[in-house]
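These figures come from a predicted structure and were not determined experimentally. Throughout, residue positions are numbered sequentially from 1 according to the sequence presented.
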Amino acid sequence: MLLGHTGLGQTDYAAMRKVMVENQLKTRGIYDKSTLKAMSKVPRHLFVPKDQQIYAYADSPLPIGQKQTISQPYMVAYMTQAIKPWKNKKVLEIGTGSGYQAAVLAEIVDSVHTIEIIPELGEAAKKLLKDLGYENVKVRVGDGYHGWPEKAPFDAIIVTAGAEEIPKPLVEQLKDGGRMVIPLGPNHGVRDLILLTKKNGKIKTKSLMAVRFVPFTRDN
Ligand code: SAH
């Protein structure tokens with residue numbers, strides 16, 4: 001039988017997901033058990049447009065409309081693992097997009113707050129996450145530059161759009177001992193995925209790898 005097909009004309013997404021975890025994640029250094037478990041569980045194909053579903057478990061980003069993309073599975077797993085996603089954590093995501101990264105986080109941590117600047121994407125993600133039963137995710141439409149001050153501080157912050165600078169409000173809203181990942185660098189180029197940590201009020205940054213991300217835009 002062809003992998004990914006049940007023989008009944010249906011697509012076996014669970015089998016495709018398993019292969020994705022084995023071949024794209026475990027072999028490339030994704031070791032965190034909770035991250036691997038969440039990646040094995042979240043139905044990524046439901047977060048992409050119908051005509052992309054067959055590619056949902058491929059090793060690449062995919063278009064989600066409005067000129068935006070859902071990140072490659074490896075990147076979602078890598079960023080999740082990088083914030084050390086323990087179960088009691090409160091996480092802020094900037095760039096909801098399809099809602100997939102938020103769902104992966106929601107499988108692991110206590111609560112996820114996520115902000116999307118494009119209303120159509122934010123509303124669609126909100127509905128999908130609700131339909132899938134992710135009650136610990138709150139979606140807000142707006143400019144994530146300002147973070148979510150009413151809910152701060154956060155144990156971890158994941159920015160999934162490529163920024164030219166680190167938004168100050170996000171650094172302020174990060175808890176002491178917290179971790180933030182953000183793709184940083186000029187628009188239309190390769191950026192650095194940065195890990196920012198805060199300890200005793202001191203900020204440290206470390207470059208993790210070269211990445212490509214859609215730009216972080218501003219409401220003005
Ligand atoms: N995490 C998403 C991938 C999102 S792509 C997923 O799992 O599907 C990046 C997203 O960031 C896009 O949807 C884009 O519209 C959004 N974005 C860009 N600038 C933003 C900003 N200032 N505030 C909030 N969202 C922003």
Side-chain angles (χ1 to χ4, degrees), residues 13 16-49 52-53 55-85 91-109 112 114-118 121 125 129 137 144 156-164 166 170 179-196 205-217:
Y13 289 114
M16 292 164 93
R17 206 151 49 234
K18 207 167 164 203
V19 174
M20 170 193 89
V21 169
E22 293 299 323
N23 294 358
Q24 299 172 35
L25 309 185
K26 287 191 184 169
T27 56
R28 290 199 192 122
I30 305 298
Y31 56 82
D32 177 61
K33 285 211 169 63
S34 59
T35 301
L36 290 168
K37 195 170 161 205
M39 296 294 295
S40 308
K41 188 166 169 206
V42 179
R44 179 171 164 97
H45 60 284
L46 299 182
F47 291 83
V48 301
Q52 298 292 326
Q53 285 192 341
Y55 311 116
Y57 299 98
D59 191 13
S60 65
L62 292 173
I64 53 169
Q66 311 284 335
K67 297 194 185 139
Q68 304 305 319
T69 55
I70 180 174
S71 299
Q72 171 193 20
Y74 171 66
M75 190 51 56
V76 173
Y78 186 91
M79 290 173 88
T80 304
Q81 178 171 278
I83 60 155
K84 298 196 190 293
V91 180
L92 174 68
E93 179 196 22
I94 308 301
T96 315
S98 67
Y100 177 67
Q101 171 78 74
V104 169
L105 290 167
E107 288 285 347
I108 311 171
V109 303
V112 181
T114 179
I115 308 176
E116 170 55 51
I117 202 164
I118 300 178
L121 291 177
L129 290 162
V137 184
I157 301 179
I158 289 192
V159 181
T160 67
E164 294 195 291
I166 301 178
L170 299 186
R179 298 165 79 83
M180 169 155 111
V181 280
I182 177 167
L184 202 64
N187 285 337
H188 310 297
V190 176
R191 299 179 217 253
D192 252 351
L193 185 66
I194 299 288
L195 171 67
L196 181 150
T205 59
K206 180 177 155 193
S207 165
L208 299 175
M209 69 163 109
V211 289
R212 279 185 189 278
F213 269 86
V214 294
F216 190 97
T217 55

Validation row: [X], [Y] side chains within 4.5 angstrom (heavy atoms):
{"X": "Phe216", "Y": "Glu164", "answer": "no"}
{"X": "Tyr78", "Y": "Arg28", "answer": "no"}
{"X": "Pro49", "Y": "Pro63", "answer": "no"}
{"X": "Gln53", "Y": "Val48", "answer": "yes"}
{"X": "Arg17", "Y": "His45", "answer": "yes"}
{"X": "Thr96", "Y": "Leu121", "answer": "no"}
{"X": "Leu25", "Y": "Thr35", "answer": "no"}

Side-chain donor or acceptor of [X] paired with backbone N/O of [Y] under 3.5 Å:
{"X": "Gln52", "Y": "Ile64", "answer": "no"}
{"X": "Thr160", "Y": "Ile94", "answer": "yes"}
{"X": "Tyr57", "Y": "Arg44", "answer": "yes"}

**Prompt:** With respect to Leu92, which candidate in Ile158, Val112, Ile115 satisfies the side-chain contact (heavy atoms from CB on, under 4.5 Å) definition?
**Reply:**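 Single pass found, and it is Ile115.
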**Message:** Exactly one of Val159, Leu193, Leu195, Asp192 should register a side-chain contact (heavy atoms from CB on, under 4.5 Å) with Ile182. Which one does?
**Reply:**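 With Ile182 as partner, side-chain contact (heavy atoms from CB on, under 4.5 Å) holds for just one option, Val159.
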[atom1]-[atom2] distance between [X] and [Y], expressed to the nearest 0.5 angstrom:
{"X": "Ile108", "Y": "Leu36", "atom1": "CD1", "atom2": "CG", "result": "9.0 Å"}
{"X": "Tyr13", "Y": "Met20", "atom1": "OH", "atom2": "CE", "result": "13.5 Å"}
{"X": "Ile194", "Y": "Leu184", "atom1": "CD1", "atom2": "CG", "result": "5.5 Å"}
{"X": "Ile30", "Y": "Met39", "atom1": "CD1", "atom2": "CE", "result": "8.0 Å"}
{"X": "Ile166", "Y": "Thr205", "atom1": "CD1", "atom2": "OG1", "result": "6.0 Å"}
{"X": "Phe213", "Y": "Met79", "atom1": "CZ", "atom2": "CE", "result": "4.0 Å"}

Heavy-atom closest contact ([X] atom, [Y] atom, distance):
{"X": "Asp32", "Y": "Pro85", "result": "OD2-CG, 3.8 Å"}
{"X": "Ala82", "Y": "Leu208", "result": "CB-CD1, 4.4 Å"}
{"X": "Val21", "Y": "Ser40", "result": "CG2-OG, 3.6 Å"}
{"X": "Gly95", "Y": "Glu116", "result": "C-OE1, 3.7 Å"}
{"X": "Tyr100", "Y": "Ser98", "result": "N-OG, 3.1 Å"}
{"X": "Ala103", "Y": "Val42", "result": "CB-CG1, 3.9 Å"}

Side-chain donor-acceptor distances from residues 66-77 under 3.5 Å, at least two apart:
from: Gln68; atom 1: NE2; to: Gln66; atom 2: O; distance (Å): 3.1
from: Gln72; atom 1: NE2; to: Asp59; atom 2: OD1; distance (Å): 3.0

